[in-house]
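Letters go in sequence order (proteins before strands), and every chain restarts at 1. Quick note: numbers below take in every heavy atom, side chains included, and nothing from hydrogens, waters or symmetry partners.
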Number of protein chains: 2
Amino acid sequence: MPGKTPATSGAGPRKRSDARRNEQALLDAAAAAFVATGIDATVREIASRAGVGIATIYRHFPTRADLVVAVFRHQLDALAAASDGADGGTPLDALRSWVGRFADFLITKHGLAEALHSDQAGFESLHAEFVDRLLPVLDALLQDCAKNGQVREDVRAYDLMLAIGNLCIGADTFPDYRSRDMIDLLLTGLTAPGGH
Amino acid sequence: MPGKTPATSGAGPRKRSDARRNEQALLDAAAAAFVATGIDATVREIASRAGVGIATIYRHFPTRADLVVAVFRHQLDALAAASDGADGGTPLDALRSWVGRFADFLITKHGLAEALHSDQAGFESLHAEFVDRLLPVLDALLQDCAKNGQVREDVRAYDLMLAIGNLCIGADTFPDYRSRDMIDLLLTGLTAPGGH
DNA sequence: TGCGAAGCGGAACGGTGCTCCGTATATTGG
DNA sequence: CCAATATACGGAGCACCGTTCCGCTTCGCA
């Protein structure tokens with residue numbers, strides 16, 4: 001497994017100041033490039049935006065995909081934390097609103113959903129990161145609903161998470177496709193009594 | 001638009017015999033390569049399997065994506081025709097069974113679902129071909145169900161088709177993902193009364 | 001202030017899809 | 001049956017991708 005992004009490892013021997021500066025510049029530049037060009041911005045564009053050489057990317061991130069992971073890591077944390085905002089509604093309301101935020105997140109970052117489930121080399125770590133951070137959240141929301149009998153219990157959180165992510169694909173490639181409607185439809189199916 | 005695959009255009013001035021032979025060899029070789037390697041088999045592999053040069057591919061198909069379209073075209077026809085086999089069941093049964101065949105088709109061809117909804121250049125024609133051939137079929141099935149009041153009427157066939165296709169993504173990249181369960185869940189949502 | 005180690009830039013490599021051009025061959029008029 | 005010509009061919013070459021290599025620069029500490 002490629003993983004092992006710098007940000008992950010606890011404080012090792014402190015890095016040189018220029019190295020720390022460049023790493024942050026790369027994260028900022030990559031975020032900007034992903035917004036402007038999409039997730040598939042080239043490493044040359046990112047390096048150029050950051051004002052560093054190409055090799056500097058690879059000194060800080062094992063691979064292009066790991067840079068993508070690093071850029072979205074803290075946004076992923078925010079998304080994971082956003083499940084607590086279940087202010088007053090039913091567990092099902094909480095689930096619905098969090099799923100909505102999840103979808104917004106994926107749709108807003110052009111190409112993220114596509115990359116997440118792509119079979120292209122290197123993106124397994126992106127997938128793994130999403131699963132690690134978000135699956136527990138979705139699972140908890142789902143179990144709350146199940147306790148209240150609001151959803152059927154034969155649906156696995158993992159399947160649901162990938163399905164929702166998949167439904168976001170194409171949202172900005174095909175303007176006529178209404179991904180959020182389809183996510184609603186999926187959630188409707190979740191609340192139906194239909195047994196095994 | 002790139003389209004304009006040779007097979008589409010009606011009989012123009014008859015081509016040379018070796019040209020016809022090579023075109024068929026390319027279609028066969030590509031089909032074999034897609035099974036063995038996946039949709040992302042390289043043009044060099046396909047040319048090599050067909051025993052022709054690389055340029056010969058581009059003499060017959062404007063782009064690699066158009067070759068993919070051509071390979072799946074007749075299989076698409078078979079799939080479109082498969083909707084008539086609604087032997088005795090309800091319209092909803094017919095819908096379910098056809099959707100099942102659609103999903104099998106996408107999942108079996110490794111990488112097809114991914115390519116279908118990818119934003120990568122050139123695959124718009126693949127998307128268009130699927131929509132042209134299959135959307136009318138799905139729409140008819142859906143309207144039959146609606147006549148019987150078996151499905152809600154506020155769901156567009158186009159959205160449903162893309163959604164089902166999307167749910168197939170990752171079926172062979174992530175072995176734990178049960179795409180068919182999620183398609184069932186979506187269809188369950190479709191049969192629920194929930195209005196707008 | 002000097003010096004080793006850590007970090008750097010950009011040329012270079014192997015891999016794509018696609019194009020160009022000199023060569024070979026199928027077809028057809030004599 | 002044989003030339004002459006349009007048509008088709010093969011593979012080297014191009015531009016672009018992610019990634020690696022290596023000689024040079026800069027940081028940080030004694």
Side-chain angles (χ1 to χ4, degrees), chain A residues 2 4-6 9 11-26 29-30 33-34 37-71 111 115 118-126, chain B residues 2 4-6 11-26 29-30 33-34 37-70 111 115 118-126:
Chain A
K4 183 64 170 40
T5 304
S9 47
R14 185 187 187 118
K15 287 194 290 195
R16 257 169 56 170
S17 63
D18 53 350
R20 267 177 290 127
R21 190 171 359 106
N22 280 336
E23 180 171 327
Q24 190 55 49
L26 274 171
F34 293 161
T37 308
I39 298 293
D40 52 351
T42 67
V43 291
R44 282 164 179 83
E45 174 186 345
I46 296 170
S48 166
R49 277 177 184 268
V52 303
I54 298 167
T56 299
I57 289 186
Y58 291 93
R59 227 162 277 118
H60 291 287
F61 307 94
T63 200
R64 189 185 157 287
D66 293 285
L67 173 56
V68 177
V69 172
V71 166
S118 125
D119 51 356
Q120 280 180 278
F123 276 124
E124 316 86 20
S125 56
L126 187 60
Chain B
K4 181 66 171 39
T5 304
R14 185 189 190 122
K15 288 193 292 194
R16 254 169 60 172
S17 62
D18 53 350
R20 269 177 287 126
R21 190 172 358 108
N22 281 335
E23 180 172 326
Q24 190 55 51
L26 275 171
F34 294 162
T37 308
I39 298 293
D40 52 350
T42 68
V43 291
R44 283 164 177 83
E45 174 186 346
I46 296 170
S48 166
R49 279 177 183 267
V52 303
I54 297 167
T56 298
I57 290 185
Y58 292 93
R59 227 162 274 118
H60 291 285
F61 306 94
T63 199
R64 189 186 157 286
D66 293 284
L67 173 56
V68 176
V69 171
S118 124
D119 52 355
Q120 280 181 277
F123 276 124
E124 315 87 18
S125 56
L126 186 59

Next on the checklist: I want to check something: taking the side chain as every heavy atom from C-beta on, are B:T63 and B:D66 in contact at a cut-off of under 4.5 Å?
Outcome noted: yes
Checklist entry - Does the side chain of B:F61 come within less than 4.5 Å of B:V69's, by heavy atoms? => result no
Checklist entry - Is there side-chain contact between A:Y58 and A:V43, with heavy atoms separated by less than 4.5 Å? => result yes
Next on the checklist: Regarding B:K15 and B:E23, does a basic nitrogen lie under 4.0 Å from an acidic carboxylate oxygen?
Outcome noted: yes
Item to check | A:V71, A:V52, A:I54, A:L26 screened by side chain to side chain contact (heavy atoms under 4.5 Å, CB included) with A:I46, the one that passes | outcome: A:L26
Item to check | Listed partners of B:R16 passing salt bridge (Lys or Arg N to Asp or Glu O under 4.0 Å), at least two apart | outcome: B:D18
Checklist outcome for this item: With B for base contact, S for sugar-phosphate-only contact and - for none (protein heavy atoms under 4.0 Å), nucleotides 20-30 of chain D reads BB----BSS--
Checklist entry - Between A:R64 (side chain) and A:A41 (backbone), is there a donor-acceptor pair under 3.5 Å? => result yes
Checklist entry - For D:dA8, does either OP1 or OP2 sit under 4.0 Å from a side-chain N or O belonging to B:H60? => result no
Item to check | Rounded distance (Å) that lies between atom C1' of D:dT19 and atom CG of A:L67 | outcome: 14 Å
Item to check | A:D40 and A:F34, any side-chain heavy atoms less than 4.5 Å apart | outcome: no
Next on the checklist: Short of 4.0 Å, heavy atom to strand atom, which residues of residues 38-49 of chain B count as contacting DNA chain D?
Outcome noted: B:R44
Checklist outcome for this item: Rounded to whole Å, CZ of B:R14 lies from C1' of D:dA6 at a distance of 17 Å
Checklist entry - Among all residues two or more places apart in sequence or in another chain, which pass the side-chain hydrogen bond (donor to acceptor under 3.5 Å, both in side chains) test with A:E45? => result A:T37, A:R49
Checklist entry - Does A:R21 have any salt bridge (Lys or Arg N to Asp or Glu O under 4.0 Å) partners at least two apart in sequence or in another chain, and if so, which? => result none
Checklist entry - On DNA chain C, which is the earliest and which the latest nucleotide, 5' to 3', with an atom closer than 4.0 Å to a heavy atom of chain B? => result C:dT16 to C:dT27
Next on the checklist: Does D:dA8 have its OP1 or OP2 closer than 4.0 Å to a side-chain nitrogen or oxygen of B:N22?
Outcome noted: no
